[in-house]
2 protein chains.
Amino acid sequence: MKAQALHGHLDALLLAVLEQGPRHGYAIIEALRARSGGTLDLPTGTIYPALRRLERAGLVASTWSTVNGRERRTYELTEAGGRALVGERAGWREFSATVGRFLGADEPPTAPA
Amino acid sequence: MKAQALHGHLDALLLAVLEQGPRHGYAIIEALRARSGGTLDLPTGTIYPALRRLERAGLVASTWSTVNGRERRTYELTEAGGRALVGERAGWREFSATVGRFLGADEPPTAPA
DNA sequence: GATCGACAAGTAGCGTTGCTACGCATGAAG
DNA sequence: CTTCATGCGTAGCAACGCTACTTGTCGATC
């Protein structure tokens, strides 16, 4: 799927993934791919900058852990992030309802008798 | 609502509006505002360039009409535009289903009697 | 008569955002 | 030793919608 359509919703997705528990970048990518049934296969160049954006915004926090000599930066949701997620969810609902009204998400605008 | 979240879906909305019949730019804006319950209030600077984009892509066609001395460019859906709209609808469904899976979802789509 | 607001179309420039392509490092497998 | 998977990161690009502005007619108001 055209991932660029995510525009503006990626942050919400990341927060939603982190809501289930702390994860490091790579794991987040895999979680997105798994939970979306392979539809969302985002490159690292998309995820990492996005995570740093979220961290700068205070919505996630990161801690370094060295596992087997490999540096892993684990991100977790902050309180502000949790609150933001609530808002994002509401925003998504409104958005999808609005667009759905035009694109006939499930109810095509074919005039009922 | 944050209209910038439209990213990539605006074209589909415009096609959907024109599906109901030819309209000129201004009328399209009003149709969007009306059908969305005021949620979508897009500025002309968003609509006009988008329409020209669609025309360049051959998805809509325009004709000038002078009404009361006022120039109105009326757009209508082309065949290609109609076909594109079908694809956009499918794309929207996949997109909204995928994101909905993460953002918790108001999932009314499966409403089998 | 002049001005203001609604209608109607358009352009220029900007900022956000995700993508592509690349670089760097470690451990395991061949 | 080379290659691959894991893991993090940056630089530059392109797409898209927004803000702000311009042009022009018409009707109403001052």
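Residue numbers start from 1 in every chain, and the chains themselves are labelled A, B, ... in the order their sequence lines are given, proteins ahead of strands.
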>> Here's a test of your reading of the structure: between A:V67 and A:P43, which maps to the more 5' nucleotide of DNA chain C?
In response: A:P43

Donor-acceptor list for residues 23-31 of chain B side chains, cut-off 3.5 Å, not counting sequence neighbours:
{"from": "B:R23", "atom 1": "NH1", "to": "B:G21", "atom 2": "O", "distance (Å)": "3.4"}

How many whole angstroms separate atom [atom1] of [X] from atom [atom2] of [N]?
X     : N      : atom1 : atom2 : answer
B:L32 : D:dC18 : CG    : P     : 11 Å
B:L6  : D:dC16 : CG    : C1'   : 10 Å
B:H9  : D:dA15 : NE2   : P     : 17 Å
B:H7  : C:dC19 : NE2   : P     : 12 Å
B:R56 : D:dC16 : CZ    : P     : 10 Å
B:I47 : C:dA9  : CD1   : P     : 11 Å
B:I28 : C:dC7  : CD1   : P     : 16 Å

>> Checking side chain to side chain contact (heavy atoms under 4.5 Å, CB included) between B:L54 and each of B:L10, B:L77, B:L59, which is the one that passes?
In response: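 Only one of B:L10, B:L77, B:L59 forms a side chain to side chain contact (heavy atoms under 4.5 Å, CB included) with B:L54, namely B:L59.
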
> Are the side chain of A:S65 and the backbone N or O of A:R72 linked by a donor-acceptor pair below 3.5 Å?
Replying inline: yes

> Quick one: does B:T78's side chain have a donor or acceptor within less than 3.5 Å of a partner on B:G58's backbone?
Replying inline: yes

> So, are A:E88 and A:R83 salt-bridged, with charged N and O less than 4.0 Å apart?
Replying inline: no

> Taking the six-membered ring for Trp, are B:W92 and A:F95 ring centroids under 6.0 Å apart?
Replying inline: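 Ring centres of A:F95 and B:W92 closer than 6.0 Å.
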
> Quick one: is D:dA15 close enough that its OP1 or OP2 comes under 4.0 Å of any side-chain N or O from B:R53?
Replying inline: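 B:R53 to D:dA15 OP1/OP2: no side-chain N or O under 4.0 Å.
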
>> For nucleotides 5-12 of chain D, give me one character per nucleotide, 5' to 3': B if any protein heavy atom sits under 4.0 Å from the base, S if the only such contacts are to the sugar-phosphate, - if neither.
In response: -BBBBB--

